[in-house]
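For reference, the structure discussed in these notes is given below.
Along the sequence shown, the residues carry numbers beginning at 1.
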Amino acid sequence: TSVSVELYDDEAYYWMYTQFMDWGYFDHPPGVAVMIWLGSFLGKTELAVRLFNVLFTGISITLIYWLVKPKNVLVFCTSIFSFLVLHLIGFVALPDTPFFLSAILFLLSYRYFLKDDSFENQLLLSIAAALMIYCKYHGFVVIMFTVLSNVKLFTNYRMYVVALLTLVFISPHLYWQFANDFPSISYHLADRAAPEYKISQTLDYLGGNLPFLGGLVSVALFIASVFYKPVDKWEKALRWNLFGMYIFFFLITFKGQYIEANWTLFCVFPMLYLGYKQIENSRYFVAYKYLTFFFAALLMVIRFHIVSPLAIIMKDRVWDFYDGTQFDKNV
């Protein structure tokens with residue numbers, strides 16, 4: 001897919017970042033520019049733009065598998081394959097891809113920090129936090145809910161060392177924001193919101209965000225996550241991030257903001273971890289297994305449709321990856 005379809009317009013926009021490498025851009029930190037730039041040795045091709053995007057997604061899925069340690073490998077794999085959003089970040093070069101990986105690395109580093117808060121793990125945690133912020137500002141939300149899940153961190157001076165180191169690591173971007181009159185902050189907090197609130201903004205989020213991630217599979221995993229009981233502080237952090245992020249963006253809708261479906265991408269990780277562990281040991285596992293088989297097969301058809309369109313359908317987003325003028329001629 002990374003080679004056979006043209007760049008999505010957002011990808012072309014992010015590729016333009018690489019022609020003007022800097023510590024920040026109008027609407028995003030520089031992570032996506034670095035990711036695309038890393039593949040530039042392949043020239044000006046679709047694969048060059050998407051190469052590290054594909055690699056990062058593969059690493060993310062591998063880490064999730066390693067952390068979950070599923071008993072039934074096939075069903076866990078079909079669970080992952082059922083997530084439309086993982087297919088998209090698997091070949092479309094977006095800021096969400098490096099953010100997803102860096103957020104997983106942040107929580108993995110936090111796991112090590114909980115076991116041993118040595119300076120080495122403080123440094124590792126701060127680097128992961130900085131990488132997360134350099135990829136997407138959602139990183140601040142992940143950090144916030146991770147800390148709130150364990151309020152004793154406020155009394156641990158080592159966590160303040162982590163915070164200080166993180167600020168040092170992101171200081172080039174902070175200076176860029178200051179030197180350019182904080183364009184990203186103005187854009188995300190004020191400029192991109194609609195002039196007035198519409199209830200459709202909230203309803204679209206409640207009815208569409210979760211199913212967009214992985215259809216009924218993501219709905220099942222989300223419900224299962226509600227019943228999962230964390231066994232330690234790390235799993236508690238996953239739980240706080242899953243439900244906290246959904247509540248956070250739910251509240252954001254009331255300020256006149258339409259929430260893009262990919263903004264909650266990070267929730268896929270705690271959902272797959274908490275929800276799958278709950279379902280795998282429940283009486284509903286057989287029904288869930290066939291549910292994943294159905295959606296995995298459906299996503300296979302959709303993936304094939306993206307590579308080789310099966311039919312010409314108006315308002316089909318697959319045409320975003322092809323020549324729009326040619327599509328107009330065919331309609």
Check your understanding: Just checking, is any N or O donor in the side chain of Asp117 or Tyr157 under 3.5 Å from an acceptor N or O on the other one?
Key -> no
Review point. Hey, which of Phe249, Phe145, Phe266 is the one that makes ring-ring contact (aromatic ring centres under 6.0 Å, His included) with His138?
Key: Phe249
Point to revise | Val75 and Phe285, any side-chain heavy atoms less than 4.5 Å apart | key: yes
**Study point:** Phe254, CZ atom: more than 12 neighbouring heavy atoms under 6.0 Å
**Key:** yes
Exercise for review: Before accepting this row, confirm whether a basic side-chain N of the pair Arg50/Glu11 lies closer than 4.0 Å to the acidic partner's carboxylate O.
Suggested key: yes
Check your understanding: Quick check: are there more than 12 heavy atoms from other residues, nucleotides or ligands sitting under 6.0 Å from NZ of Lys69?
Key -> yes
Point to revise | Flag side-chain contact, heavy atom, 4.5 Å: Tyr14 against Asn53 | key: no
Practice item. Of all the heavy-atom pairs spanning Val217 and Thr292, show the shortest one and how long it is. Key: CG2-CA, 4.0 Å
Check your understanding: If we only count heavy atoms from C-beta on, is the Pro95 to Cys135 side-chain gap below 4.5 Å?
Key -> no
Exercise for review: Quick one: do Thr202 and Tyr197 satisfy side chain to side chain donor-acceptor pair (under 3.5 Å)? Show the steps, please.
Suggested key: CA-CA 9 Å; Thr202 302; Tyr197 169 72; 2.7 Å; yes
Check your understanding: Between the side chains of Lys71 and Asn281, does any donor sit under 3.5 Å from an acceptor?
Key -> yes
Review point. Would Glu235 and Tyr273 count as having a side-chain donor-acceptor pair, cut-off 3.5 Å?
Key: yes
Check your understanding: In the single-linkage hydrophobic clustering (I, L, V, M, F, W, Y; side-chain heavy atoms under 4.5 Å), do Met35 and Phe20 co-cluster?
Key -> yes
Review point. Under a 4.5 Å side-chain heavy-atom rule over Ile, Leu, Val, Met, Phe, Trp and Tyr, are Tyr284 and Phe295 clustered together?
Key: no
